[in-house]
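Working notes for the structure below.
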Amino acid sequence: MNASFGSAQFIQSLPVPRATCRFHVLIEAANFPYLRRYLGCARADMLVEDMAARLRGALADARVRTVGRNLIELDVAGDAPHELDALMAAACRAFEAPLDLDGEKHRVKIVIAGAVGTWQADEVTLAEEAERALAKAREYDKPVTQAIEALPHDAKKLAEELDLAIGRDELVLFYQPKVHARRQEITSAEALIRWQHPTRGLVLPGDFIPVAEQAQLIRRLTLWTIEQAILDAGRLRDHGYDLRLFVNISGQLLSDDSFVAKACRMVAESDVALGFEVTETSVIRDPESAIANLQRFADIGIRVAIDDYGAGLSSLAYLKQLPARELKIDKLFVTQLTSSNRDPLIVRSTIDLAHALDMEVVAEGVETHAALALLTVMGCDMVQGFLISRPIAFDAFVSFLREDRHRRAPETTRNSFNRLAATWKRG
Ligand code: C2E
Ligand code: MG
Ligand code: MG
């Protein structure tokens, strides 16, 4: 029989690198259904033990455990995150030779994924990271895998690449509209950065913003973002859309006076409207200078929004001192809105709090009609989320605006709206 060998690799990154690391690797027989059909259930169920034996022979330092009829996990200690590559390569090599199953040679095609964390890393988080990575490894399988196979766990290398990318055309801003819940109008959009990496493919900000922050690249990257948002706002106006574009500003920049001065100069010299999104946690780090600098932004007409509200550290004392005009409720609460008992209460009281502080409320992570309906009933001012649009490239965003596509979701929502409005008001 001739089941071919191959491997789909996906490495999920964790905020790592310091002294000693631990690796958690998952290995699955991708062609298990095929082998089971050929071998029969009873023999196929023992296959995973044969695979584990192979791995124990090849990787003496690893703790190898079978955790399902088709899944093996490896736990290994190491000195540096990049060792994960070598570990996974060694695991793949263990299956290059076919397995001997009752005198017959069978090749096992594997899907492999791994996560790396510091020695202190939480075991559950590490396991979850590896599981997420495995899901992606399955999804992308071979052809896609090649492009993303070395997703950043080597922060130093990634930082060097990012340093070069900022000056090139590799970074791009995608836009996600914020829709006024009652008026169904788009008056602003959030700029979300993406990295079109020449070999890794599209890299999302969660994978490189922390690296940029650690490697002192965030200042240059954010100035690039502001410059690009100013250009894009001008291009949108040329298309007939006068929108305020919001840029995310990392916490560490809020106490960087020279960044603040430069950003203010850029915005003041432009003739477009911008907004800055900052998290409350970043303000709490150095409240005095953060509040003063946010005031400088507000003074020149930059609209300040508090991002991810509820997800990090919150302080009512600071909240009321911030010159913020918008409060964005973290998607954590919004995605669970209609399936949890507590979250609607939290969201409702956050909306009331924001209104009492004279802020508009934006709910991020609106994915369902039911959530949109409930948020509208609760008096949420604006909504943002996949239900209306994913973040999309500039040209697609212009088409979205031209076709008034944001009105489609609220129309379908009307039925949910009436039902939920009745329930919520009763309860
Ligand atoms: P954020 O500012 O809270 O941005 C919202 C994130 O939620 C985006 O992820 C967006 O794609 C995602 N999202 C939007 N709607 C939905 C939804 O309905 N459901 C779900 N599950 N997710 C939704 P993205 O683009 O991966 O950005 C992640 C984070 O990276 C941002 O969180 C922001 O903190 C940071 N980021 C993005 N662009 C920049 C940037 O230019 N500069 C800085 N410093 N940080 C950035
Ligand atoms: Mg944001
Ligand atoms: Mg957010």
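One-based numbering, in listed order, for ligands and for the atoms of each. Computed from a predicted structure; not experimentally measured.
- Taking a cutoff of 4.0 Å between a charged side-chain nitrogen and a carboxylate oxygen, R325 and E360 do not qualify as a salt bridge.
- For E277, the N, O or S atom closest to the Mg ion (ligand 2) goes by the atom name OE1.
- Looking only at N/O/S atoms, E190 comes nearest to the Mg ion (ligand 2) through OE2.
- Here the angle centred on the Mg ion (ligand 2), running from OD1 of N248 over to OD2 of D307, is 90°, rounded to 10°.
- Within a 6.0 Å sphere centred on CG of D358, other residues, nucleotides and ligands contribute 12 heavy atoms or fewer.
- Closer than 4.0 angstrom to ligand 1 by heavy atom are Q176, E190, L192, I193, R194, P205, I209, T225, N248, S250, E277, D307, D308, K331, E364, G365, V366, E367, G385, F386, P391, sorted by chain and number.
- D256 has a carboxylate O that lies under 4.0 Å from a charged side-chain N of R219, or vice versa, which qualifies the two as a salt bridge.
- Contact record, M88 with I112: O-CD1, 3.8 Å, taken as the closest heavy-atom pair.
- Only one option out of E364, K331, Q176 pairs with Q384 in a side-chain hydrogen bond (donor to acceptor under 3.5 Å, both in side chains); it is Q176.
- Using a 30° and 60° split on the angle between ring planes, F394 and H239 fall in the tilted class, from 30° to 60°.
- When rounded to 10 degrees, the angle formed at the Mg ion (ligand 3) by OD1 (D308) and OE1 (E364) equals 130°.
- Ion pairing between D381 and R182 fails under the 4.0 Å rule for side-chain N and carboxylate O.
- The number of heavy-atom neighbours closer than 6.0 Å to CD of E403, taken from other residues, nucleotides and ligands shown, is above 12.
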